[in-house]
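I have placed the structure first, in the form of structure tokens, so that the comments after it can refer back to it.
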Amino acid sequence: MKPSDRIFCALDTTETGEAVALAEKLRGTVGGIKLGLEFYCANGADGFKAVADTGMPIFLDLKFHDIPNTVAGAIRAVAPLGPKILTIHTQGGPEMMRRAAETAAEEALRHGFQKPWVTGVTILTSMDDADLHAIGVQDTVADQVARLATLAHQSGLDGMVCSPKEISLARGATSPDFKLVVPGIRPAGSAKGDQKRVMTPSDAVTAGADVLVIGRPITQADDPAAAARAIAESING
Ligand code: C5P
């Protein structure tokens, strides 16, 4: 994989015009664009199509979490859009994950697309051990992430989302070909913003990240394409 193909730029906006303009600027310098709940709730499938029409692969980060039948239905509903990566919550359990993976494969075949990666979210990085205890989980965040990663792998998911500090834990609990999608990336010397535990792009790739989710270091730069190119070059070196 080319270093630039590993970068998915997170466009955390509700404005379709802004998202399309940035996607156009970034075409050829990153592997794709991540659109999340904020964008999709505001603009729906039309917003997705407008950004996808720029030719950029899309990571649709909607973190589905519901009963197996409903999650399968949601995947069926977004499949015609042709996302490259989807997210679901692993806490939905093995049956929900299995149904999600099977449905993604069936729908991709039906629509003639490459199967999207169905990736699992384990414990949100906004939660700590005390938050887990509050909801009745006595294990530590690390133990729970490892348990859910193993379950995701066994249930047929293609990969998972993890923080930079969870890369080796996630890799150890899964397999070399399990895709690790990693936010919380900051080029050396750039502002952390609200990210508390960050890693540089090259360190994250060396640690085993497959895809780097990078937002503000690219979107807030004076020249987003130049910022993305510099990040890709730093992975190369
Ligand atoms: O601007 P920044 O590089 O911090 O953006 C990172 C993106 O990854 C945002 O869309 C954020 O919601 C997402 N994300 C994250 N940490 C997680 C999961 C997702 O930063 N644990």
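Just so you know, these numbers use all the heavy atoms, side chains as well, and skip hydrogens, waters and symmetry mates. In listed order, ligands and their atoms are each counted from 1. Numbers here are sequence positions counted from 1.
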**OP:** Anything under 30° is parallel, anything over 60° is perpendicular, the rest tilted; go ahead and classify H89 against H65.
**Re:** tilted
Subject >> Cationic N near anionic O, under 4.0 Å, K115 to D158 >> reply: yes
Subject >> Salt-bridge present (R216, D194; N to O < 4.0 Å) >> reply: yes
Subject >> Atom CD of Q114: over 12 foreign heavy atoms under 6.0 Å >> reply: no
Enumerate, one pair per line, all nitrogen or oxygen atoms of ligand 1 lying under 3.5 Å from a protein nitrogen or oxygen, stating the separation to 0.1 Å; write 'none' if no such pair exists.
{"from": "ligand 1", "atom 1": "1 (O)", "to": "R216", "atom 2": "N", "distance (Å)": "2.7"}
{"from": "ligand 1", "atom 1": "1 (O)", "to": "R216", "atom 2": "NE", "distance (Å)": "2.7"}
{"from": "ligand 1", "atom 1": "3 (O)", "to": "R186", "atom 2": "NH1", "distance (Å)": "2.9"}
{"from": "ligand 1", "atom 1": "3 (O)", "to": "G215", "atom 2": "N", "distance (Å)": "2.8"}
{"from": "ligand 1", "atom 1": "4 (O)", "to": "R186", "atom 2": "NH2", "distance (Å)": "2.7"}
{"from": "ligand 1", "atom 1": "4 (O)", "to": "Q195", "atom 2": "NE2", "distance (Å)": "2.9"}
{"from": "ligand 1", "atom 1": "4 (O)", "to": "R216", "atom 2": "NH2", "distance (Å)": "2.8"}
{"from": "ligand 1", "atom 1": "10 (O)", "to": "D12", "atom 2": "OD1", "distance (Å)": "3.2"}
{"from": "ligand 1", "atom 1": "10 (O)", "to": "D12", "atom 2": "OD2", "distance (Å)": "2.8"}
{"from": "ligand 1", "atom 1": "10 (O)", "to": "K34", "atom 2": "NZ", "distance (Å)": "3.0"}
{"from": "ligand 1", "atom 1": "20 (O)", "to": "Q195", "atom 2": "NE2", "distance (Å)": "2.7"}
{"from": "ligand 1", "atom 1": "21 (N)", "to": "T125", "atom 2": "OG1", "distance (Å)": "2.7"}

**OP:** Determine the minimum heavy-atom distance between L11 and A19, stating which atoms define it.
**Re:** CD1-O, 3.5 Å
Subject >> Main-chain N/O of D210 paired to R6 side chain as donor or acceptor, under 3.5 Å >> reply: yes
